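Note sheet for the following structure.
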Amino acid sequence: MSQQIINLLLQGFLETVQMTVISTVVAVLLGVPLGVILVITSRGHIMQNEAVNKVLGAIVNATRSIPFIILMVAIIPFTRLVAGTSIGTTAACVPLTLAAIPFLARLVETAIKEVNGGVIEAAQSMGATPLQIIWKVLLPEALPTLIDNITVLIVNLISYSAMAGAIGGGGLGDIAIRYGYQRFQGDVMLATIVILIVLVQVIQSLGDYLSRKVNKK
């Protein structure tokens, strides 16, 4: 394998990491609050509001039902508006983030719903406000599961970022398609697969470690 290909793989790796990190950070900042709102506005919860819950739930479900490859193509005008271009690493972050937010929101919703109702009732009986219940009860109690869910999100985003290469999104997926597939360079295809597998293993191991550490506290 030539030095040029090695440099290309390194660049693709860094682009994949960049897309994943940016999309994860934005998804956590928006997806976690969205998941919390879906829980607390549900029937019988601390801020019950079925109208808000149904509207948000419908939006989340609609977004999640669109396959990622179709989503990337469908929002090209929006991507161009936000990123100034529809190709490249920066542009790929837009559909990645839009796919990640509702995905994480549902994972967060599931995690928080597992929190024991008795703990919530105890906090309410002590006069805790809804905001205090969220910050001091719901999120801390669900933290180990939330870490696992964010790990799942990151792994999925790595997969999606590789898929983004199909329409010029950059990263390892772009290299695999342009060199491994279109130019029949099997060694490049194998190298991208190995790099992605190693990256996923590292992320999963780190997520498992953090989850265990939080569980011990």
Side-chain angles (χ1 to χ4, degrees), residues 6-36 38-39 60 63-64 68 71-72 88-116 134-166 169-176 180 188-217:
I6 293 174
N7 291 338
L8 195 64
L9 288 170
L10 177 59
Q11 180 185 348
F13 170 77
L14 294 176
E15 288 176 350
T16 296
V17 171
Q18 178 187 345
M19 287 187 284
T20 304
V21 169
I22 292 174
S23 303
T24 300
V25 170
V26 178
V28 169
L29 291 176
L30 299 178
V32 172
L34 180 56
V36 171
L38 285 170
V39 174
V60 168
T63 309
R64 289 184 62 208
F68 181 66
L71 177 66
M72 285 194 299
T89 304
T90 303
C93 291
V94 177
L96 281 171
T97 302
L98 288 181
I101 291 171
F103 179 76
L104 181 60
R106 283 302 187 193
L107 292 177
V108 170
E109 179 187 17
T110 302
I112 294 179
K113 279 184 175 179
E114 293 177 356
V115 175
N116 192 321
I134 292 169
W135 279 107
K136 296 183 179 181
V137 178
L138 297 181
L139 291 178
E141 288 290 325
L143 186 57
T145 307
L146 290 176
I147 292 174
D148 290 337
N149 290 341
I150 292 173
T151 303
V152 171
L153 171 70
I154 295 173
V155 171
N156 274 272
L157 283 174
I158 292 172
S159 174
Y160 287 166
S161 71
M163 199 183 304
L172 291 170
D174 183 44
I175 294 171
V188 176
M189 178 68 79
L190 179 61
T192 57
I193 292 172
V194 170
I195 293 171
L196 287 170
I197 290 174
V198 171
L199 182 58
V200 168
Q201 289 294 331
V202 170
I203 295 298
Q204 188 63 59
S205 298
L206 180 61
D208 292 342
Y209 169 76
L210 292 175
S211 181
R212 288 196 302 269
K213 193 170 183 179
V214 170
N215 261 321
K216 289 180 181 179
K217 291 183 179 180

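Remember, predicted model here, so these are calculated numbers, not experimental data. Worth knowing before you read on, the calculation uses all heavy atoms, side chains too, and leaves out hydrogens, waters and symmetry mates.
Note: Leu199 CG to Ile158 CD1 = 4.0 Å, rounded to the nearest 0.5 Å. The CG atom of Leu107 sits 6.5 Å away from the OG1 atom of Thr110 when rounded to the nearest 0.5 Å. The line from CD of Gln201 to CG of Leu196 is 12.0 Å long, rounded to the nearest 0.5 Å. Between atom CD1 of residue Ile195 and atom CD1 of residue Ile175 there is a gap of 7.5 Å, rounded to the nearest 0.5 Å. Atom OG1 of Thr24 sits about 4.5 Å away from atom CD1 of Ile154, to the nearest 0.5 Å.
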For this session: Just do the side-chain contact (heavy atoms from CB on, under 4.5 Å) check on Leu139 and Ile112 with the steps written out, would you?
Result: CA-CA 7 Å; Leu139 291 178; Ile112 294 179; 4.3 Å; yes
Exercise. Could you go step by step and tell me if Leu210 and Leu206 meet the side-chain contact (heavy atoms from CB on, under 4.5 Å) rule?
Worked result: CA-CA 6 Å; Leu210 292 175; Leu206 180 61; 4.3 Å; yes
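A search for side-chain hydrogen bond (donor to acceptor under 3.5 Å, both in side chains) contacts involving Thr145 returns nothing, not counting sequence neighbours. Taking Phe68 as the reference, Tyr160 meet the ring-ring contact (aromatic ring centres under 6.0 Å, His included) condition, with sequence neighbours excluded.
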Side-chain donor-acceptor pairs of residues 14-22 under 3.5 Å, sequence neighbours excluded:
unit_1	atom_1	unit_2	atom_2	d
Glu15	OE1	Gly171	N	2.7
Glu15	OE2	Gln11	NE2	3.2
Thr16	OG1	Gly12	O	3.0
Thr16	OG1	Leu172	N	3.0
Thr20	OG1	Thr16	O	2.8

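In terms of heavy-atom proximity, Ser211 sits nearest to Ile147 at N-CG2, 4.0 Å. The two atoms that bring Ile150 and Leu104 nearest to each other are CG1-CD1, 4.2 Å, heavy atoms only. Smallest separation of non-hydrogen atoms from Cys93 and Ser23: O-OG, 3.7 Å. Closest non-hydrogen pair, Val32 versus Val108, comes out as O-CG1, 3.8 Å. Scanning all heavy atoms of the two residues, the minimum distance from Ala99 to Leu71 falls at CB-CD2, 3.9 Å. Residues Thr151 and Gly207 come closest through the heavy atom pair OG1-CA, 3.3 Å.
Between the side chain of Ser205 and the main chain of Val202, no donor-acceptor pair closer than 3.5 Å is present.
No side-chain heavy atom of Asn116 sits less than 4.5 Å from a side-chain heavy atom of Glu141.
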